[in-house]
*Asks:* 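Submitted below is the structure of interest, expressed as C-alpha cells.
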2 protein chains.
Amino acid sequence: MIDDTLTANRIVEAADRLFYARGVQAVGMDAIRGEAGVSLKRIYSLFPSKDDLTVAVLHRRRDQWNAGIAASAENAETAREKLLAIFDFLDAWFREPDFHGCAFINVFGELSGGSEQVRQQARKQKQAFVDYVAQLVEDAGAPEELGPQIAILAEGAQTTAAILGGPEAAAQARAAAVTLLDSALERNASATAQQPG
Amino acid sequence: MIDDTLTANRIVEAADRLFYARGVQAVGMDAIRGEAGVSLKRIYSLFPSKDDLTVAVLHRRRDQWNAGIAASAENAETAREKLLAIFDFLDAWFREPDFHGCAFINVFGELSGGSEQVRQQARKQKQAFVDYVAQLVEDAGAPEELGPQIAILAEGAQTTAAILGGPEAAAQARAAAVTLLDSALERNASATAQQPG
DNA sequence: TACGATAGAGAACGAACGTTCTCTTGGCAA
DNA sequence: TTGCCAAGAGAACGTTCGTTCTCTATCGTA
C-alpha cells in the first residue's frame, strides 16, 4: 500500500510520544494502538516486534536531533559559532515543557540489560555527535583534544537539565565551552607563532 | 530481630546487583529472593514494596558514591586537587568491568514516567554533588560559575563512558576541568590584582 | 448481486509481574 | 512429649504484557 509510509509514521510518532513520556517498558502495544488509531495487526505488519518499533522511534529521534543541530548551525558562520550553537539548540530544547532528558540516554538506562539493538542505536548516535563536534573543532583550527571535551559538556548538560530540571545547564555548559575554545585557540595561536609554517 | 539489619543489607546488595545489571523493571522480586537467599515474606516484611526496595538501593549507591568521592579527596591537599580527584575517582570506576553508567541516571531514565520517590532520589543525589563541587570551588577561591561547569563535566563523563564504553571520558573531562580551573583562577587573580582589598 | 481479499476490533494465549496466602517445618517453653 | 509461634518455600491471585488468532465488515470487481 502507498500509505504504508504514512501509517508507519503515525505509529512511530505515537510510540515516540508514549515512550518518551512513560518509558518503553511501561507502554503496552495496546496503548500505542490507541494513540495511533491503528489496529494491532497493522502495527505488527509494519513492525515485526516492539523492539523494531523502538529502533524506529530512535531513528526518528536521531533525524530530529540532526535537523535541529543543522538548523542551529545555519545561522552561524564560523566553526566556533557552530560549536556554540549546539548549546543554544540545547537551551531551546530544555525549555520545552515536556523535556525530561535525551531519549537515547533514557532508553540506554532502561534497556541496558536488554535489547542489544537499542544499545547499539544509542552508541551510534552518541558517536555520530562526537564525530560532528570533532569535525567542527578541526575546522576551527583547535587541537583535537577539544572535541571530546565539548561533547562531554553537551552530554552533561542534557542529564543535568533532565534530572535537576530547568534549562540553566545549557548556558553553563556554553560558558564552559567558550572558555575551552578561547584557551585552545590561544594556545594554538601561540604555538603556531613559535613555529610557523 | 537483631539480624534484621544484616538481612536487609543482604537484600539491598542483591537487589543492587540485579537492578544495576538488568534494570529495575526487568528484575522480578523472585529473582531478588533467589540472589539474596531470603524468603519473599522476609523481603516484604523489611521492604513494603518494590519501590521502597529501589529507594533503599539508591541510598546504598549514594553512600558508596560519597565514600568514594571522600576517599579520593583524602589524598588531595588543596581544593583544586580535590576537584580534580573527582575525575580520578571516575576514571577508576569507569574501568570496572561491569560499569555501564551511573545508577541514578539509569534509573531516572527507566522510571521517569513512574515512581516519584525514585525521581526525587536521583534529583537529591545530583543536587548534593553540585553542592559539593560548589563548596570546593569556593574553597579554591574560584568564581562560583565554575561549580556547575565542573559538575556538568562529571555528569557528561559518566554518560559518555557508559554509552560509548571505555574510560577515556574521565581523562578528557579532567583535562577540561584543568583548563577551566586555570582560566578561572587566572581571571580571578588578575581581577583581584586590579582592585585589591 | 455475488465473491474473494483486506483490514479493523478486540478476544485469546502463555508468560511474567508484584503481592499475598497456605502449608510445612523447626525450635523452644512447659 | 505436647503445644505454639516464627519463618521458609513456593503456590496462588489478579493484572498486564507481547504477540497471535478469530470474527466481522468493507470494498473493488464481475
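Chain letters run A, B, ... following the sequence lines, proteins first, then strands; residues in each count from 1.
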*Asks:* Summarise how protein sits on nucleotides 10-25 of chain C as a single string, 5' to 3': B when a protein heavy atom is under 4.0 Å from the base, S for sugar-phosphate-only contact, - for no contact.
*Replies:* B------SSBB-B---
*Asks:* Output the rounded distance in Å from CG (A/Leu46) to P (D/dG18).
*Replies:*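 Rounded to the whole Å, the gap is 17 Å.
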*Asks:* Verify salt bridge (Lys or Arg N to Asp or Glu O under 4.0 Å) between A/Asp131 and A/Lys124, making sure each step is shown before the conclusion.
*Replies:* CA-CA 10 Å; A/Asp131 294 343; A/Lys124 277 168 69 175; over 6 Å; no
*Asks:* With under 30° as parallel and over 60° as perpendicular, where do the rings of A/Trp65 and A/Trp93 fit, or are they tilted in between?
*Replies:*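 Perpendicular.
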*Asks:* Using atom CG of A/Leu53 as one end and atom P of D/dC17 as the other, report the distance to the nearest whole Å.
*Replies:*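 Interatomic distance, CG of A/Leu53 to P of D/dC17: 15 Å.
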*Asks:* Is NZ or CZ of B/Arg61 both nearer than 6.0 Å to the six-membered ring centre of B/Tyr20 and within 45° of the ring axis?
*Replies:*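 Checked: cation-pi criterion met.
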*Asks:* I'd like to know if A/Lys82 pairs up with A/Glu77 as an ion pair, taking the criterion as any Lys NZ or Arg NE/NH1/NH2 lying under 4.0 Å from an Asp or Glu carboxylate oxygen.
*Replies:*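 Judged by the 4.0 Å cut-off on N to carboxylate O distance, A/Lys82 and A/Glu77 do not form a salt bridge.
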*Asks:* Report the distance from atom CD1 of A/Ile32 to atom P of D/dC17, rounded to the nearest whole Å.
*Replies:*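 Atom-to-atom, A/Ile32 to D/dC17, this comes out as 11 Å.
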*Asks:* Looking at B/Asp30 and B/Arg33, does any basic side-chain N land under 4.0 Å from a carboxylate oxygen?
*Replies:*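 Judged by the 4.0 Å cut-off on N to carboxylate O distance, B/Asp30 and B/Arg33 do form a salt bridge.
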